[in-house]
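First the structure, in the form of structure tokens, and then the observations on it.
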Protein chains: 2
Amino acid sequence: MKQLSQAKIFGGNQSVYEHASGACACDMRFAVFTPPAGEHGEGPYPVLYWLSGLTCTEENFISKAGAQRVAAELGLVVVAPDTSPRGEGVPDDPDGAYDFGLGAGFYLNATQEPWSKNYQMYDYITQELPALIDAEFSIDGSRAGIMGHSMGGHGALTIHLKNPQKFRTCSAFSPIVAPMHVPWGKKAFSNYLGTDEKTWVDYDASALVMKNPSTAEILIDQGTADNFLTEQLKPELFADAFQKSGQKLTLRMQDGYDHSYYFIASFIEDHLRWHAERLMHILPHTKEVEGELSE
Amino acid sequence: MKQLSQAKIFGGNQSVYEHASGACACDMRFAVFTPPAGEHGEGPYPVLYWLSGLTCTEENFISKAGAQRVAAELGLVVVAPDTSPRGEGVPDDPDGAYDFGLGAGFYLNATQEPWSKNYQMYDYITQELPALIDAEFSIDGSRAGIMGHSMGGHGALTIHLKNPQKFRTCSAFSPIVAPMHVPWGKKAFSNYLGTDEKTWVDYDASALVMKNPSTAEILIDQGTADNFLTEQLKPELFADAFQKSGQKLTLRMQDGYDHSYYFIASFIEDHLRWHAERLMHILPHTKEVEGELSE
């Protein structure tokens, strides 16, 4: 693991690292914010994973969202990985489109050639990266949450629903919630996973929640002035699925906000406080409840 | 004046505009944040001008500094212009260097060919832009302050010192304070202004403050881990000048911070509150004091 940059911000440190990823068979970059040793001591800290959207790298969230101020106050480590494998030999969309290939890994394990060698972002985010973070930073890995934006909201929702005990809390901004039914998802899934739509279900939040809702409450913020709202995001599809499944959901339609980081910056504080409260206080209680239910 | 983009953030609006500048003889861009109509009504609002540093455009501050949250709360309009003239026909550094020409206007009026036609940033910032802002937005032009970073800190200091009744309050992050004596300034001034150093004095904050200190107190934050500290910024030169001149200065050396927007983001709230307090409350009192003194 090689440190590419480090800067002090709000008393903590914002760093970017590179490491050789086995899952993605290339060098991968990720950003880590570590809070100042203050009232929260020197850790171990709860950790939040942020998954970015199409075209982003590990840089967008850390330079634009303004999360460090609140993460410093709350004593949270925040990890922001890149959105796809990269580098020489990693295949890209043949037309260089923004919505597939580089910058568009969709947080899944590709099964089709030539994508399957490198595009293993699901394993990377759920296994390889957390193991590295747990080993290298002062982290309480049992208190981990996940959040993301757009394609990264899709990643956060699907990863939480399939790993609710590993990523205990989940929230999203403007997520792709029904990728099987929208152009972005159809393009990505048909290429990465092939044309058999039965294999797509495993990466579709609206389908997953019907099979297996989590016991956590999920928070979603969606801007009403989002250009992608009606064609790509379709919150009505998952609100319906969530209701039928019994998954607890707080969906906030935010009047006049668009799809940009200006929207994320406006509400990231809510999300961080929401995760922190649950990771620090509610989870032990939830565990007890789960225990009672299983008796 | 043409609106290029608009996005809602923290209840207010972050917009970017383009207009034909007479001063710079080219199209110029600037960003404007307008706060939500809240406890501060619909204006007129105090206005703060932010001047960015080398290589920046009107975008850096608005996407990275996180100022909108506090500006929304305080009811401040924040204007962030571009850092130089641009466009076809605007000359640039012959080697494309980052520290001269495009992105490096140094907030002065160039007198030398071929720069003098377009590089009139001093007139642009002090006359043309405020006139446009006053005409187009709900602004109380008598309550205007100015701040900036690095080259923009130089701009803010020199413009305040020469126009203390127009830009009433002034603060800076990591400013170039003695451009006559450092490589960045020597290169820019010798090209824009010619080799007669007597003409440079008018754009050197440390020289200006000795001639004509303002009655305002100036706030400066400077990171101790700033790569440019010893070669380009040299706060010791101006701390000395400020002390000799009687200019009130709060200079805060911030331990471990660098020259980046991570540093700016960490302390921009302090600067906005500092300006707002003075623009809203202290100026009337200062006026009285000035009145007494002139009796």
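By convention in this document, chain letters (A, B, ...) are assigned in the order of the sequence lines, proteins followed by strands, and residues within each chain are numbered from 1.
Most heavy-atom pairs under 4.5 Å with chain A, from the set B:E269, B:Q14, B:K64, B:R69: that is B:R69. For the set A:A72, A:A265, A:G223, A:S260, the entry with the most heavy-atom pairs within less than 4.5 Å of chain B is A:A265.
Contact detail for A:S266 and B:K8: the closest heavy-atom pair is OG-O, 4.5 Å.
Only the side chain of B:Q68 comes within contact range of chain A, with heavy atoms under 4.5 Å apart. Residue contact with chain B, scored on non-hydrogen atoms closer than 4.5 Å, is absent for A:Y261. B:I62 touches chain A through backbone and side chain together, each having a heavy atom under 4.5 Å away.
Within 6.0 Å of CD in A:E42 there are 12 or fewer heavy atoms belonging to other residues, nucleotides or ligands.
Here the side chains of B:Q6 and A:D258 are not in contact, with every heavy-atom distance at 4.5 Å or above.
At least one donor-acceptor pair under 3.5 Å links the side chain of A:Y257 to the backbone N or O of B:G11.
Separation of atoms CD1 (A:I9) and CZ (B:F267) is listed at 10.0 Å; rounding is to 0.5 Å.
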